[in-house]
Amino acid sequence: MLAMLGVLTTFLSFLYFTAPSIRKFFAGGVCRSNVQLPGKVVVITGANTGIGKETAKELARRGARVYIACRDVLKGESAASEIRADAKNSQVLVRKLDLSDTKSIRAFAEGFLAEEKQLHILINNAGVMMCPYSKTADGFETHLGVNHLGHFLLTHLLLERLKESTPARVVNLSSVVHHAGKIHFHDLQSEKYYSRGLAYCHSKLANVLFTRELARRLKGSGVTTYAVHPGVVSSELVRHSFLLCLLWRLFSPFIKSPWEGAQTSLHCALAEGLEPLSGKYFSDCKKAWVSPKSRDNKTAERLWNVSCELLGIQWE
Ligand SMILES: *[C@@H]1O[C@H](CO)[C@@H](O)[C@H](O)[C@H]1NC(C)=O
Ligand SMILES: *[C@@H]1O[C@H](CO)[C@@H](O)[C@H](O)[C@H]1NC(C)=O
Ligand SMILES: *[C@@H]1O[C@H](CO)[C@@H](O)[C@H](O)[C@H]1NC(C)=O
């Protein structure tokens, strides 16, 4: 009995003393760039909570004019006023953007292009995770529609501005779960088979593939692009899964805060000399390994073609 108690206390004190370094390990890298952004224009999608809000806050601190593009303008405004106060920067603006509706994406782009002559940083941050099966206004499966096609169209519509504002960057939030993803060309909308976990993985693989293909197409244009795994971050994304919420609670010491989760996005948006790594995938502020499936140029090109068809756009 006493022996057991002894083992238990030893174990607990071991945990107690190692927890901070375990915590630090999971917290990952920190963006160390000192680049300031006066006069620079940033668009960030879904920045009203979590990683997006932390990213927006840091960019505003550095003096950029930051457009928060989100579905719920009221929530966006409350985040924006917090950021304005915290960053002492009044240039934080909220615009309506619903990535599950191409009409809304076009309206946002039209408005933005009319009011801004420059765009230096686009952060495709918004995303949905593990929702029950549903379709967007245009009939796309929601994960594919929002995480991939919505940002694809947005990037397409804003690309001219980026090219006019070089050096410019596009940062795409992906995830390590792209390793489990697969592009099912015969069933892109998951009508024959649907799993909400897998649908999320597929859409994140699509993000990595697109970053590669876009980087290839933008070579020499002065616009570079990066895909980011933010880490396992506590965020509202898990709201659709009870089990995930439970696991989150259990493992919370090992999970990044939104501030920590924002670091790799910031690194890719700001760090000097990153241009030769355009098209690459980053985790913990470092270039990271991608799955063989995301290195498949043919799949990347085919997905590009199919996406253009689905959206009815020409993108050479
Ligand atoms: C980012 O990902 C979206 C969705 O996959 C894609 O449409 C877009 O082209 C990508 N942009 C960059 C710069 O990688
Ligand atoms: C795929 O594309 C990349 C970047 O455009 C290129 O460096 C690589 O050689 C290509 N791989 C194959 C097998 O063609
Ligand atoms: C994509 O479209 C281009 C232009 O229409 C075509 O040349 C190319 O073969 C297509 N690639 C794939 C993999 O379907």
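Just so you know, ligand 1 is whichever comes first in the structure, and atom 1 is the first atom listed for that ligand. Just the heavy atoms: all of them, side chains too, but no hydrogens, waters or symmetry mates, feed the values below.
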More than 12 heavy atoms of other residues, nucleotides or ligands under 6.0 Å from CD of Glu110: is that the case?
-> no
Under the 4.0 Å line, does any protein heavy atom show up next to atom 5 (O) of ligand 3?
-> no
Under 4.0 angstrom from atom 10 (C) of ligand 3, is there any protein heavy atom?
-> yes
Short question: side chain of Lys40, backbone of Ile121 - any donor-acceptor pair under 3.5 Å?
-> no
Is it possible for you to check whether Arg217 lies under 6.0 Å from the centre of the six-membered ring of Trp304, through NZ or CZ, and within 45° of that ring's axis?
-> yes
Do any nitrogen or oxygen atoms of Asn305 lie less than 3.5 angstrom from nitrogen or oxygen atoms of ligand 3?
-> yes
Inspect the surroundings of NZ in Lys117 and state if more than 12 heavy atoms from other residues, nucleotides or ligands are less than 6.0 Å away.
-> yes
Short N/O distance, under 3.5 Å, between Glu301 and ligand 3?
-> yes
